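Small disclaimer: the values here were computed from a predicted structure and weren't measured. One-based numbering along the sequence shown.
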Amino acid sequence: TRYISVTGVQTCALPIYSLIASYGLDVAGFRSVMSSTQSLLAGSAPLSVYLQQKGLPSFEPGDLDIWISVTDPVPNGILSFLAEADVSRIFHFLIRQGYNAVDYSHSERPYPSIKKIQTVLELRNEAGRTIQLILVHHPNLVEYIGTYFDLSCAITWWDPAQNAIDTLYS
């Protein structure tokens with residue numbers, strides 16, 4: 001397994017920060033809540049920044065996918081997930097940023113080819129920007145992404161603690 005990282009303010013922070021800000025989010029607050037919960041922004045959004053940083057054709061992602069590790073493998077609905085501190089912190093941060101919950105899937109329905117998803121909670125703001133909280137029962141999100149993502153080019157994430165875009169190639 002090999003990791004490729006793009007780090008540093010000049011090469012990584014500004015594009016990812018611009019993307020986060022385009023969703024109407026306070027960048028410093030978002031980075032703080034993501035770091036403290038050890039959650040990852042993964043999939044198409046960080047991939048778009050990674051491609052941009054490499055000087056390759058990029059695209060506008062349709063949403064932000066926040067991947068969160070949860071401890072309860074068999075929840076009793078969304079309230080049991082919101083009782084988990086990490087999910088609650090991110091959820092309430094997004095609510096304070098003007099997002100509202102619009103859909104809740106107690107299954108892998110939004111991502112049928114990706115396994116072990118506990119639930120997906122979709123939030124949207126007045127501008128129509130969508131953020132999905134994707135909850136998985138797995139202790140290591142990077143390992144989870146490398147194992148279960150269905151599209152190899154999407155195995156890309158932003159690590160807020162390191163302020164780095166990482167991608168995994170096996």
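When side chains are defined from C-beta on, Tyr23 counts as touching Ile131, because their heavy atoms get closer than 4.5 Å. At a threshold of 4.5 Å between non-hydrogen side-chain atoms, the residues Tyr99 and Phe93 do not count as touching. Between Ser69 and Gln38, the closest side-chain pair of non-hydrogen atoms is not below 4.5 Å. Contact of the Ile68 side chain with the Ile90 side chain is registered, since non-hydrogen atoms from C-beta on lie closer than 4.5 Å. Counting heavy atoms from C-beta on, the side chains of Ile117 and Leu135 never come closer than 4.5 Å. At least one side-chain heavy atom of Ile66 sits less than 4.5 Å from a side-chain heavy atom of Phe30. Inter-residue side-chain proximity for Leu41 and Asp65 is flagged as unmet; no heavy-atom pair is nearer than 4.5 Å. Put simply, the side chain of Phe59 reaches to within 4.5 Å of the side chain of Leu47, judged on heavy atoms.
Under a 3.5 Å cut-off, the side chain of Ser22 and the backbone N or O of Leu19 do form a donor-acceptor pair. At least one donor-acceptor pair closer than 3.5 Å links the side chain of Ser36 to the backbone N or O of Ser32.
Atom CD1 of Ile165 is separated from atom CG of Asp159 by 9.5 Å, given to the nearest 0.5 angstrom. For the atom pair CG of Leu40 and CG of Asp166, the computed distance is 9.0 Å after rounding to the nearest 0.5 Å. The line from CG of Asn100 to CG of Asn125 is 8.5 Å long, rounded to the nearest 0.5 Å. Taking OG1 from Thr37 and CZ from Arg89, the interatomic distance works out to 7.0 Å, rounded to the nearest 0.5 Å.
Contact record, Gln97 with Gly24: OE1-O, 3.5 Å, taken as the closest heavy-atom pair. The two residues Ala161 and Ser35 come nearest to each other via the heavy atoms N-OG, 3.4 Å. Across all non-hydrogen atoms, the minimal contact from Leu121 to Ala101 is CD1-CB, 4.2 Å. Closest non-hydrogen pair, Leu141 versus Ser39, comes out as CD1-CA, 4.0 Å.
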Could you give me the CA-CA distance, side-chain angles and deciding distance for Asn163 and Trp158, then say whether side-chain hydrogen bond (donor to acceptor under 3.5 Å, both in side chains) is met?
CA-CA 7 Å; Asn163 198 28; Trp158 174 58; 3.2 Å; yes

Assess the residue pair Leu94 and Leu133 against the criterion (side-chain contact (heavy atoms from CB on, under 4.5 Å)); give the C-alpha distance rounded to whole Å, side-chain angles, the decisive distance to 0.1 Å, and a yes or no.
CA-CA 10 Å; Leu94 294 172; Leu133 302 182; 3.8 Å; yes

Go through the steps to decide whether Gln52 and Ser48 satisfy the test side-chain contact (heavy atoms from CB on, under 4.5 Å), and finish with yes or no.
CA-CA 6 Å; Gln52 182 183 10; Ser48 71; over 6 Å; no

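For Tyr50 and Trp157, the gap between ring centers reaches or exceeds 6.0 Å.
Note: His138 and Tyr148 have perpendicular aromatic rings, judged against thresholds of 30 and 60 degrees for the angle between ring planes. Taking the six-membered ring where the residue is Trp, Trp67 and Phe149 present tilted rings, their angle falling between 30° and 60°.
The salt bridge (Lys or Arg N to Asp or Glu O under 4.0 Å) test applied to Glu60 returns Arg129, not counting sequence neighbours. Every salt bridge (Lys or Arg N to Asp or Glu O under 4.0 Å) that Arg124 has, sequence neighbours left out, goes to Glu122.
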